[in-house]
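Fair warning: this is a prediction, and the values are worked out from it, not measured in the lab. Protein chains get the first letters and strands the later ones, always in sequence-line order, with residue 1 at the start of each.
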Protein chains: 2
Amino acid sequence: MTDPAPEAPARGAKAVAQRAGVSVTTVSRVLRGQDVAISEATKQRVLAAAKELRYRPNSLAVALRKGHTRAIGLLVPDIADAYFHQLARGLEDAAQEAGYTVVLCNTDRQPAKERSYVELLADQQVEAIVFAGGGIDEDAHLTDFPWHGIHVVAIGPHRLDCPSVRVDDAGTIELAVDHLVEQGSTRILCLAGRPSWLINEERLRGYRQAVERHGLELDPRLVRTGDFSVEAGCSSTRAALDEGVEFDGVMAFNDYTAIGAMQAVTEHGRRVPEDVVVVGCDDIPVSSLVSPRLTSVSFPQYEFGRAAMEVILEMATGKVATPVRQFAYHLEVRESSSRRL
Amino acid sequence: MTDPAPEAPARGAKAVAQRAGVSVTTVSRVLRGQDVAISEATKQRVLAAAKELRYRPNSLAVALRKGHTRAIGLLVPDIADAYFHQLARGLEDAAQEAGYTVVLCNTDRQPAKERSYVELLADQQVEAIVFAGGGIDEDAHLTDFPWHGIHVVAIGPHRLDCPSVRVDDAGTIELAVDHLVEQGSTRILCLAGRPSWLINEERLRGYRQAVERHGLELDPRLVRTGDFSVEAGCSSTRAALDEGVEFDGVMAFNDYTAIGAMQAVTEHGRRVPEDVVVVGCDDIPVSSLVSPRLTSVSFPQYEFGRAAMEVILEMATGKVATPVRQFAYHLEVRESSSRRL
DNA sequence: CTGAAAGCGCTAACAT
DNA sequence: ATGTTAGCGCTTTCAG
C-alpha cells in the first residue's frame, strides 16, 4: 500500500542516467569522452540530459576514486609582500589553464605554520606543493614528512630534494655590487635578511665574493641583518649612521629594505645618489614609484610561477622533471644609483 | 595452495584498525572524540596505532561523506593589486584558525573567468565563495547560478543577494572631497574607475554629492574613467592637462591612480601639493612611500577579510548572518594634500 | 556497445 | 562498548 521508501530524487550522475535512460557508467563514459565507443544516439541523449540538469561531476568523488586531485598548495611567507604577487599570479594563471586550483598559504617563515599547512594540504590530497621564497636553514620539520604521491617544487633555494625554479641569487647581488663599485662606491653597507634564510645565505655569498673580487675591505660593521621590511632597512641604516660607520653605497638584499635605507639616509641629511648610492634586489613595482626611483636587480617572478606549474605538470605526467630551472636576471638602473642620470 | 588475493597492505583507517585490533568505526570514533563512550583501553590502543602509522584522515573522503568541505574560494580581480593583500591575509589567517583552506582565484573582473571559477569551486564543493573588490553591473553570469549549499559573501558592493562586508564607498569619497575643498580646491579632477564597476558607481555618487553640497561646478570634463592603474591615472591626468582643463585638486578613486596623477602633474611642471592637491582612496602601503606621500582614505582591509570568514562561520553554523558589516574609515592626511605640512 | 558490481576512505544508522 | 552495513558520487574492471 505505502511506498517502502519515499524514493528521494536522484542526484548527480544518477539523475542524468535516469533521465537519459542509461546507466551511470554510460553517463560517465560519455561525459569524459575518450573511452570505448558509444552509439551516437545515446551519446546525444546523455549530453542533452546532462545539460538540462546542469550536471557537473563532483570533483571530490572523482578525486577519491582516481586517487588524485587537481589542486596544488602554494606556500609563501606573506602574500602581502610584493615579491610574491607576480609569482602567485603566474602560478595561478598557469594552474587555471591546466584546470588546477591553487590553495594559498601564508607561513610567515615559521616552521610550525609551514608544517601544519603541509599536513592540511596532504590531508586534502593536493597533487603538489610549491614552496616559494626560499627555505630556511633547519627544514627538519619537512625532511621527515611522508610525501607519498605529493609532488614538491621550490621557488628559490631549498633544503628539500626537489626540482626548483630560481635565479642565481649570489649572482644577482654580485651584479649589483659590481654596479655600485662602478659608481664609485668603496664602502658598501650590506642590508641582509635573517641568517637562517637560505636565500639570505646565497645573497650574502654574492656580496662577499664581489667585495673580495674588487679588493674592498670586508668590514663586519657594514653587514646588518633584518626581516626584509622597510622598517628594518630604515633602522639598520639609521643604526649604522648613528654609530658613525662610514659608507657610500648600500646593497640591500630586497627592495623594501632599500627603500627604508633611502629614508634613513635622507633623514640623516645625506643625498641619494649624490652621497650614497643605493641598489635593491627583486625589482618589485614600488621600486619605480618611490623617489629617487630605485635601481634593482630584476628577474621574471611571473615566469617563476608559470615554470613551477610546468614542472608540476611534468611530474604529474610521469616525466623526469627538470631538476633546476634557472632564469636570467639584469640590473634595472634608475636614479638611486646613477649620479649621471 | 595459492592465496586467492595477494592481500595488499591496508591503508588509511583500516590499517589503524587492524593494528589496534578493532573496527574502522572504532578508529573513527576515537579519533574524532565526541561520540559514544569508548573504553580507555581501546582508546589508547587506537591512539597508539594511529600515531605509529602517522595516520591522518583523508579529507576528501570525509568531505564526500559529510557533504561539505572546509574550503572556501576567494575571488579577487588581481592578487597583484595591493588593495587585496591585507584582505587576503585577513581571510586566510581567520580561515586557518578555523581549519579552513583558501583557494585563490584571479578574475581580472572578467565575467567569463569569474563564472568559470565559480563552477570549478562549486565542483570542488567549497563551503563558501568570497567575492572581493566589488561586483560589476551585469552579474547575470552569477545570479542564475545554482548555489545549492554554497555560502556567498561579498567584500564591497555586489548585485548578489548575500551578506556583505564593506565600507560606505560614497562616504569615503565625500570625506576626501571635503578635505580637498578645505585645502582650497574648487575644481577637482575626478579619476574614476570603469562605469560598470559597482564600487565606481558608489564612489562617483560620493564625488557628485560632495561637489554639489559645496556648490562647486560639476564639469563633465573633470571626470575621467580608468582601470585603477598607475598608468591610467597618469594618462588621464595628462590628457586633462593637455586639453587645458583647469583643476587645482585631484580626487582619485584609488591610490595607484592618484600616484599616476601626481606623476603627470609633476611632469607637467606643476607642484603637488602647492599647485594641485591630490587625494587617493584605500590607503595601500605604497601611498606612504611615494613622494610626496599620498593622502588617502583609510579603512581596515585586513579586518574585511577576517569579517568575511566570521560571516561564513555564522552561516555554516546555521545562524542568521549579519547582512551588512560596515566598517569605519578615516582620512590619512599626508603631504600630497597638505599645504601646511 | 552497454550495464552490473566493486570500491576509493570515510561516517552514521542500526544492531548487539 | 563495539561491530556490521550501507552509502556519499564517481570510475573501473568484468561480463555480457
Side-chain angles (χ1 to χ4, degrees), chain A residues 4-5 7-47 49-50 53-70 122-125 127 148-149, chain B residues 4-5 7-47 49-50 53-70 122-125 127 148-149:
Chain A
E7 205 62 47
R11 317 220 330 99
K14 194 185 255 173
V16 178
Q18 286 180 0
R19 189 162 238 255
V22 296
S23 72
V24 284
T25 311
T26 303
V27 171
S28 174
R29 288 205 264 244
V30 170
L31 264 32
R32 277 176 304 118
Q34 46 162 23
D35 199 24
V36 288
I38 305 277
S39 83
E40 192 58 29
T42 49
K43 185 188 276 182
Q44 291 311 326
R45 256 185 307 136
V46 170
L47 253 23
L53 262 32
R54 310 188 73 169
Y55 170 71
R56 308 203 96 220
N58 180 326
S59 305
L60 251 36
V62 175
L64 183 59
R65 177 65 237 242
K66 290 205 176 166
H68 61 262
T69 57
R70 302 201 120 215
D123 292 349
Q124 297 187 172
Q125 318 294 116
E127 213 159 295
H148 292 127
Chain B
E7 205 61 47
R11 319 220 326 98
K14 195 184 254 174
V16 179
Q18 288 180 357
R19 190 163 238 257
V22 296
S23 71
V24 283
T25 310
T26 302
V27 172
S28 175
R29 290 207 262 246
V30 170
L31 264 33
R32 278 176 303 120
Q34 46 161 22
D35 200 24
V36 288
I38 304 277
S39 83
E40 192 57 29
T42 50
K43 184 186 277 181
Q44 291 311 326
R45 256 184 308 135
V46 170
L47 254 22
L53 263 31
R54 309 187 72 167
Y55 169 72
R56 307 204 96 217
N58 180 328
S59 305
L60 251 37
V62 175
L64 184 60
R65 178 65 238 241
K66 291 206 175 166
H68 58 84
T69 57
R70 303 200 120 216
D123 292 348
Q124 296 186 173
Q125 320 293 117
E127 215 159 291
H148 291 128

Practice task
Round to the nearest Å and state the distance from L60(B) atom CG to dG7(D) atom P.
Solution key: 22 Å
Exercise for the section: Spell out yes or no: do the side chain of R29(A) and the base of dG3(C) have one donor N/O and one acceptor N/O closer than 3.5 Å? Expected result: yes
Problem - Side-chain N or O of T25(B) closer than 4.0 Å to phosphate OP1/OP2 of dG3(D) - result: no
Problem - Rounded distance (Å) that lies between atom P of dG9(D) and atom OH of Y55(A) - result: 10 Å
Handout entry: Atom-pair distance (CZ on R65(B); P on dG7(C)), nearest Å
Key = 18 Å
Practice task
May I have the distance from K14(B) (atom NZ) to dT4(D) (atom C1'), rounded to whole angstrom?
Solution key: 13 Å
Problem - Polar side-chain atom of R56(A) near backbone of D123(B) as donor-acceptor pair, under 3.5 Å - result: no
Exercise for the section: In sequence, state the C-alpha distance, the side-chain angles, and the governing distance for N58(A) and L64(B), and then conclude on side-chain contact (heavy atoms from CB on, under 4.5 Å). Expected result: CA-CA 9 Å; N58(A) 180 326; L64(B) 184 60; 4.1 Å; yes
Exercise for the section: Would you confirm whether R32(B), through its side chain, and S28(B), through its main-chain N or O, come within 3.5 Å as a donor-acceptor pair? Expected result: yes
Practice task
Kindly point out which of dC10(D), dT4(D), dT11(C) is positioned nearest to the side chain of S23(B)?
Solution key: dT4(D)
Practice task
Output yes when at least one side-chain N/O atom of R32(B) is less than 4.0 Å from OP1 or OP2 of dA12(C), else no.
Solution key: yes
Handout entry: Residue whose closest nucleotide on DNA chain C lies nearer the 5' end, I38(A) versus V24(A)
Key = I38(A)
Completion exercise
With the side chain defined as heavy atoms from C-beta on, S39(A) is closest, among dT11(C), dC1(C), dG9(C), to dC1(C)
Handout entry: Residues V22(B), V30(B); criterion side-chain contact (heavy atoms from CB on, under 4.5 Å); working and verdict
Key = CA-CA 11 Å; V22(B) 296; V30(B) 170; over 6 Å; no
Practice task
Determine: side-chain N/O of S28(A) to OP1/OP2 of dC10(D), distance under 4.0 Å, yes or no.
Solution key: no
Practice task
Measure the distance from CG on L31(A) to P on dG9(D) and round it to the nearest whole Å.
Solution key: 16 Å
Handout entry: Rounded interatomic separation in angstrom, taking CZ from R11(B) and P from dG7(C)
Key = 16 Å
Practice task
Give a yes/no on whether any side-chain N or O of T42(A) is located under 4.0 angstrom from OP1 or OP2 of dC1(C).
Solution key: no
Completion exercise
D123(B) atom CG is separated from dG9(D) atom C1', nearest whole Å, by 13 Å
Problem - Donor + acceptor pair across side chains of R29(A), T25(A) (<3.5 Å) - result: no
Handout entry: Position toward the 5' end of DNA chain D (nearest nucleotide), E40(B) or A61(B)
Key = E40(B)
Practice task
For L64(B), report the nucleic acid contact type (base, sugar-phosphate, nothing); a contact means any heavy atom under 4.0 Å.
Solution key: base
Fill in the blank from the handout: When rounded to whole Å, the CZ to P distance for the pair R56(B) and dG9(C) reads 17 Å
